Amino acid sequence: MLDKNFDPTAFESRLYETWEQAGAFAATPTRNARPFTIMIPPPNVTGSLHVGHALTMTLQDVLIRYQRMQGRDALWQPGTDHAGIATQLMVERELQREGTSRQEIGREAFLDRVWQWKAAQGGTITKQLRRLGASPDWSRERFTMDEGLSRAVRTIFVRLFNDGLIYRAKRLVNWDPEFASAISDLEVEMREVKGHLWHLRYPIEGSDLSIVVATTRPETMLGDTAVAVHPTDERFRDLIGKTIIQPITGRRIPIIADEYSDPEKGSGAVKITPAHDFNDFAVGQRHQLASPSIFDRAARVVLAEIRADAQPPDPDFFDSLEGLDRFAARAEIVAHLEAAGALVLVESHTHTVPHADRSNAVIEPLLTEQWFCNAEALAKPAIAAVEDGRVAFVPKSWENTYFAWMRNIEPWCISRQLWWGHRIPAWYGPDCTIFVAETEADAALQAEEHYGHPARLRQDDDVLDTWFSSALWPFSTLGWPDNTRDLTRYYPGDVLVTGFDIIFFWVARMIMMGLYVMGDVPFRTVLMNGLVRDERGQKMSKTKGNVVDPLALIEAYGADALRYTVTAQSGAGRNIKLGAGLVEANRSFITKIWNAARFCEMNQCRPDPAFNPAAATLPLSRWILDAANRTITEASEALDAYRLSDYALICYRFTWGDFCDWFLELAKPSLISAPGLVSVDRAGNTDDARELRAVTAHVLGILLRLLHPVIPFVTETLWDEFGYGAAGSLIRTPWPERSIVTDADAARAEVSWVIRAISEIRAVRNEMNVPAATRIPLLIRDASAETLARAQRWREEVARLARVSSLEPLHGEMPHGAAQAILDEATLILPLADIIDLAAERQRLANTRAKTASEAEKIARKLENQDFVSRAPEDIIAENRDRLDAAQAELARLDAALSRIA
RNA sequence: GGGCGCGUAGCUCAGCGGUAGAGCAUCGCCUUGACAUGGCGGGGGUCACAGGUUCAAUCCCUGUCGCGCCCA
């Protein structure tokens with residue numbers, strides 16, 4: 001006997017172990033079945049499960065479990081990402097607590113520490129995914145820095161280099177001074193910051209004139225090599241070509257005309273610092289300006305590159321700037337200029353400042369040598385693949401976002417000045433000649449050939465952007481560069497499920513690399529899921545303290561409740577709001593299923609393998625089997641189209657609305673009055689009860705299978721308990737199929753009449769405040785023979801559910817003081833002599849009449865409209881005529897009913 | 001500044017040319033032999049606003065306002 005409540009903790013872990021140990025998650029490449037592949041977005045190896053994971057992983061698990069049940073050879077490829085910056089940062093913090101640093105212990109010892117950290121922390125997220133019920137093929141788990149994947153990284157690096165698509169260049173890059181590393185454009189976040197606009201006076205050489213420049217970053221003036229004005233700006237026309245004496249460095253710099261300068265902004269004149277600003281760099285290129293760097297890698301002032309050209313008016317002050325942090329230098333310089341009377345104006349100014357998204361440091365553009373990937377070349381075929389539909393985004397609107405970025409793609413800076421990651425497979429000879437090779441031995445051979453003798457080589461110190469290895473994930477996990485069986489079988493994958501926040505970081509790059517390396521797209525469909533917000537729609541953040549911990553939710557409500565909630569909430573591409581309240585509410589659905597099953601168990605509804613749904617004869621049986629058919633079709637269509645929230649709601653409605661609220665309630669009299677398999681039902685007919693039991697178990701089996709992808713634990717538990725299959729077998733049980741239902745239309749008409757009759761009576765009773773315990777007789781007048789026969793067939797069910805004491809046709813006068821309800825051609829009459837408030841009943845009927853009359857009038861007006869009748873399609877006109885007829889007939893009956901109590 | 005998306009019941013959202021829907025919340029009734037994590041019933045919406053297209057607009061088009069996100 002099932003307990004009264006489903007206790008997830010009692011089942012989930014045990015069940016998961018059963019599945020995993022039985023190999024239920026494993027792909028079976030040897031099977032003769034069409035593969036279905038999902039590549040997991042590898043979470044950070046040292047991370048832990050957050051609600052975003054819970055959402056995306058649940059959706060993937062729903063899809064993979066569905067396809068598994070569809071008989072596909074389902075591969076959900078799991079693994080984790082080494083997450084260069086994030087992981088290195090955590091270990092560095094640990095070292096800091098120990099009073100040391102990575103520089104102090106050295107590269108090798110540091111990497112040892114990271115591997116130790118990974119060994120200790122790396123299992124957390126995979127354990128948590130198990131708690132969630134995720135069913136990837138764990139036997140294939142990969143890590144972006146394991147040997148195979150590292151080999152793939154080296155191989156592709158060499159290939160791209162040899163194809164001229166990877167190159168080394170000195171360019172202005174986004175520099176994170178805190179990590180002391182370059183980062184890519186994507187890792188830069190523009191933030192609105194309240195700052196100042198300083199208006200500074202720069203004297204013009206050989207005159208008393210001066211020009212006022214406005215800047216948000218006075219400290220960079222040490223690297224000024226020009227002042228720019230707009231070519232059409234009348235105010236400065238005569239100054240173009242003159243020379244300025246830079247007030248701190250004393251450097252002679254020209255006033256140039258460039259359209260970059262915006263006459264509307266600031267003073268209309270801007271200082272140009274090519275080495276520390278992307279726009280200034282472009283100006284510098286156009287005017288062949290020098291571009292001295294004035295900051296080191298920690299963004300401290302370095303005077304070396306400007307000393308030669310400097311003639312500082314105040315050499316002591318100039319020298320004092322050496323080694324100052326950029327913000328300290330700013331304060332010093334502003335104060336100095338103010339004292340010298342060169343500070344004209346300080347304006348409050350809100351502007352966007354680039355920040356590193358990981359460290360939060362203000363980005364310092366810096367001229368450095370880095371490795372770049374020619375993303376433009378790789379993007380072309382990747383754009384085409386989405387244009388011609390080889391890759392489709394769901395929802396489609398995300399394709400615009402993809403195109404916009406891809407069509408304006410910038411070179412991808414792939415080198416990072418970190419230690420944790422794939423070290424760049426490039427070696428330098430004594431004269432700095434570069435040898436790119438998969439191994440040091442290969443590089444040595446190349447060097448020997450180049451120099452004519454063996455040479456001492458030094459490997460590049462940098463590592464690759466983490467996303468470089470992630471981009472290879474769809475094929476590197478399958479054994480590439482070896483031409484493995486898995487690679488041919490599982491590439492390309494079917495669907496990628498991920499958040500739109502990494503569409504550029506990851507999705508676009510996988511498509512680029514997939515096409516470059518494999519000659520085919522990595523997946524057919526990209527299902528974009530939204531971001532998870534808190535109940536009020538606010539972004540979750542640790543500082544706000546509104547972070548919802550999925551594991552706490554699982555602990556409190558069970559994994560199924562969480563899974564069901566995020567699936568039902570996941571409108572494609574839409575952000576979802578999640579709080580404990582929603583999960584708690586959805587848990588009641590799990591409980592409902594549990595209790596429905598408990599009722600089935602109590603009434604001996606056991607799966608009968610010999611049961612043939614096509615042979616079901618009772619209208620109620622055929623009605624629920626028909627509804628099940630429709631649900632199977634709708635649920636499958638929704639899943640096939642990746643409308644996962646629709647799938648969840650379709651199953652919910654069928655389970656709760658059709659199966660529990662109506663089918664089980666209507667079947668109750670037969671099931672309960674006839675305990676035991678061989679017994680007699682109310683009509684003395686043993687077959688009815690027997691059939692209903694078999695149908696009940698059959699339909700329960702269908703809904704357990706339909707719901708298994710989203711709520712695997714409770715469904716598997718019940719599946720096992722009821723003996724539908726061996727323990728732990730639901731996960732691999734075939735998806736339900738439609739069955740043949742004899743004369744479904746008739747069954748629908750019959751049961752729908754019963755449902756409407758019961759609902760009408762209940763509504764009248766409630767509105768008339770008839771106490772629930774009061775049983776009242778039901779009289780039916782003006783009913784057709786068919787309706788009367790129906791009413792007699794269902795008298796017990798109607799009596800039970802509408803709390804009716806008897807059911808008779810009424811031919812003569814209506815008893816005094818009765819409530820009435822119109823149902824098709826018939827009128828249901830409830831004699832309420834003592835309890836009825838006649839005025840209230842008149843009002844109730846009048847209200848109904850008013851509603852019907854207004855509807856009839858609306859339709860009539862429509863049908864009187866010549867334009868409508870002549871131009872609207874036939875079926876719409878016919879439908880309106882029918883509706884008008886029905887409304888008018890109902891009006892007549894309501895009038896009759898009203899006159900009876902007049 | 002450019003682009004994308006969203007404004008539908010108190011809340012969260014579905015519907016996207018032809019009778020406005022669900023869940024939650026709310027109100028009333030009910031502890032009936034699966035379930036009060038329940039059952040039954042009710043109230044609640046000029047579908048942001050203004051034009052246009054159409055026989056017909058919540059739905060299509062244009063504009064306005066408000067909100068969000070992305071890119072510069």
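All values reported here derive from a predicted model rather than from experimental measurement. Below, chains carry the letters A, B, ... as their sequence lines are ordered, and counting in each starts from 1.
In this structure, the nucleotide among A34(B), A36(B), G5(B) sitting nearest to the side chain of Ser397(A) is G5(B). When distances are taken from the side chain of Asn766(A) to each of C4(B), C40(B), U37(B), the shortest belongs to C40(B). Side chain of Trp656(A), nearest nucleotide from C40(B), C35(B), G38(B): G38(B). Checking G23(B), C70(B), G18(B) against every side-chain atom of Ile876(A), the shortest atom distance belongs to G18(B). In this structure, the nucleotide among G41(B), C70(B), U37(B) sitting nearest to the side chain of Phe504(A) is C70(B). Minimum atom distance to the side chain of Lys592(A) is reached by C35(B), of the listed G41(B), C35(B), G18(B).
Of the C1' atoms belonging to A14(B) and U58(B), the separation is 13 Å, rounded to the nearest Å. Taking the C1' atoms as reference points, U26(B) lies 16 Å from G45(B), given to the whole Å. Separation of the P atoms belonging to A57(B) and U19(B) is 12 Å when rounded to the nearest angstrom. A48(B) and C40(B) have their P atoms separated by 32 Å, with the value rounded to a whole Å. Separation of the P atoms belonging to C49(B) and U54(B) is 23 Å when rounded to the nearest angstrom. To the nearest whole angstrom, the two C1' atoms, one in G5(B) and one in C16(B), are 15 Å apart. Going from the P atom of C13(B) to that of G7(B) covers 9 Å, rounded to whole Å. Going from the P atom of G10(B) to that of G43(B) covers 15 Å, rounded to whole Å.
The residue Gln866(A) sits apart from the nucleic acid: no heavy atom pair falls under 4.0 Å. Nucleic acid contact for Thr401(A): none, since no nucleic acid atom lies under 4.0 Å from a heavy atom of the residue. Using a 4.0 Å heavy-atom criterion, one finds that Gln569(A) contacts the sugar-phosphate atoms exclusively. Here Cys600(A) lies out of heavy-atom contact (under 4.0 Å) with every strand. In this structure, Ala585(A) reaches neither bases nor backbone, as no heavy-atom distance under 4.0 Å exists between it and the strands shown.
Across all strands shown, A9(B) remains unpaired; no Watson-Crick or G-U wobble contact has both distances below 3.5 Å. With a 3.5 Å ceiling on both atom-pair distances, G33(B) lacks any Watson-Crick or G-U wobble partner. Across all strands shown, C49(B) forms a Watson-Crick or G-U wobble pair with G63(B), both key distances being under 3.5 Å. Across the strands present, U54(B) finds no partner; the criterion is a Watson-Crick or G-U wobble pair with both atom distances under 3.5 angstrom. Base pairing of G28(B) is made with C40(B), judged by Watson-Crick or G-U wobble geometry with both donor-acceptor distances under 3.5 Å. Here A20(B) sits opposite no nucleotide as a Watson-Crick or G-U wobble pair (both hydrogen-bonding atom distances under 3.5 Å).
A residue-by-residue look at Val770(A) and Val188(A) shows that Val770(A) has its nearest nucleotide of RNA chain B further toward the 5' end. Mapped onto RNA chain B by nearest heavy atom, Ala772(A) and Glu767(A) fall at different nucleotides, with Ala772(A) at the one closer to the 5' end.
Per the geometry, NZ belonging to Lys858(A) stands 5 Å off P belonging to A20(B), to the nearest Å. With rounding to whole Å, Arg653(A) atom CZ is found 13 Å from G21(B) atom P. Rounded to a whole Å, the CD atom of Glu584(A) is 10 Å from the P atom of U37(B). Atom P of nucleotide C71(B) and atom CD of Glu189(A) are separated by 9 Å, given to the nearest angstrom. Summarising the geometry, the separation between OH on Tyr564(A) and P on U37(B) is reported as 20 Å, rounded to the nearest angstrom. Going from atom CG of Asp646(A) over to atom C1' of C16(B) covers 14 Å, rounded to whole Å. For the pair Phe6(A) CZ and U37(B) C1', the computed distance is 13 Å after rounding to whole Å. Between Asn586(A) atom CG and C35(B) atom P there is a gap of 22 Å when expressed in whole angstrom units.
His355(A) places no side-chain N or O within 3.5 Å of a backbone atom of Val362(A) that could act as its donor or acceptor partner. For the pair Ser261(A) (side chain) and Asp258(A) (backbone), a donor-acceptor distance under 3.5 Å is absent.
With hydrogens and angles left out, the side chain of Arg803(A) and the base of U32(B) share a donor-acceptor pair within 3.5 Å. Checked by distance alone, Thr591(A) brings a side-chain donor or acceptor within 3.5 Å of a matching partner on the base of U37(B).
Taking the charged nitrogens against the carboxylate oxygens, Glu601(A) and Arg598(A) have no contact shorter than 4.0 Å, which rules out a salt bridge. Looking at Glu189(A) and Arg191(A), a side-chain N of the basic residue comes within less than 4.0 Å of a carboxylate O on the acidic one, giving a salt bridge. Checked for salt-bridge contact, Glu855(A) and Arg883(A) meet the test: a charged N lies under 4.0 Å from a carboxylate O. The existence of a salt bridge linking Glu857(A) and Arg861(A) is confirmed by a sub-4.0 Å separation between a basic side-chain nitrogen and an acidic carboxylate oxygen. Salt bridge status for Arg800(A) with Glu797(A): absent, with no side-chain N to carboxylate O gap under 4.0 Å.
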Once base and sugar-phosphate atoms are separated, protein heavy atoms under 4.0 Å mark nucleotides 53-61 of chain B, 5' to 3', with B, S and - as --B------
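With 3.5 Å as the limit, one finds no donor-acceptor pair spanning the side chains of Asn529(A) and Ser570(A).
Contact detail for Gly530(A) and Phe500(A): the closest heavy-atom pair is CA-CE2, 4.0 Å. The shortest non-hydrogen separation linking Met768(A) to Glu841(A) is SD-OE1, 3.5 Å.
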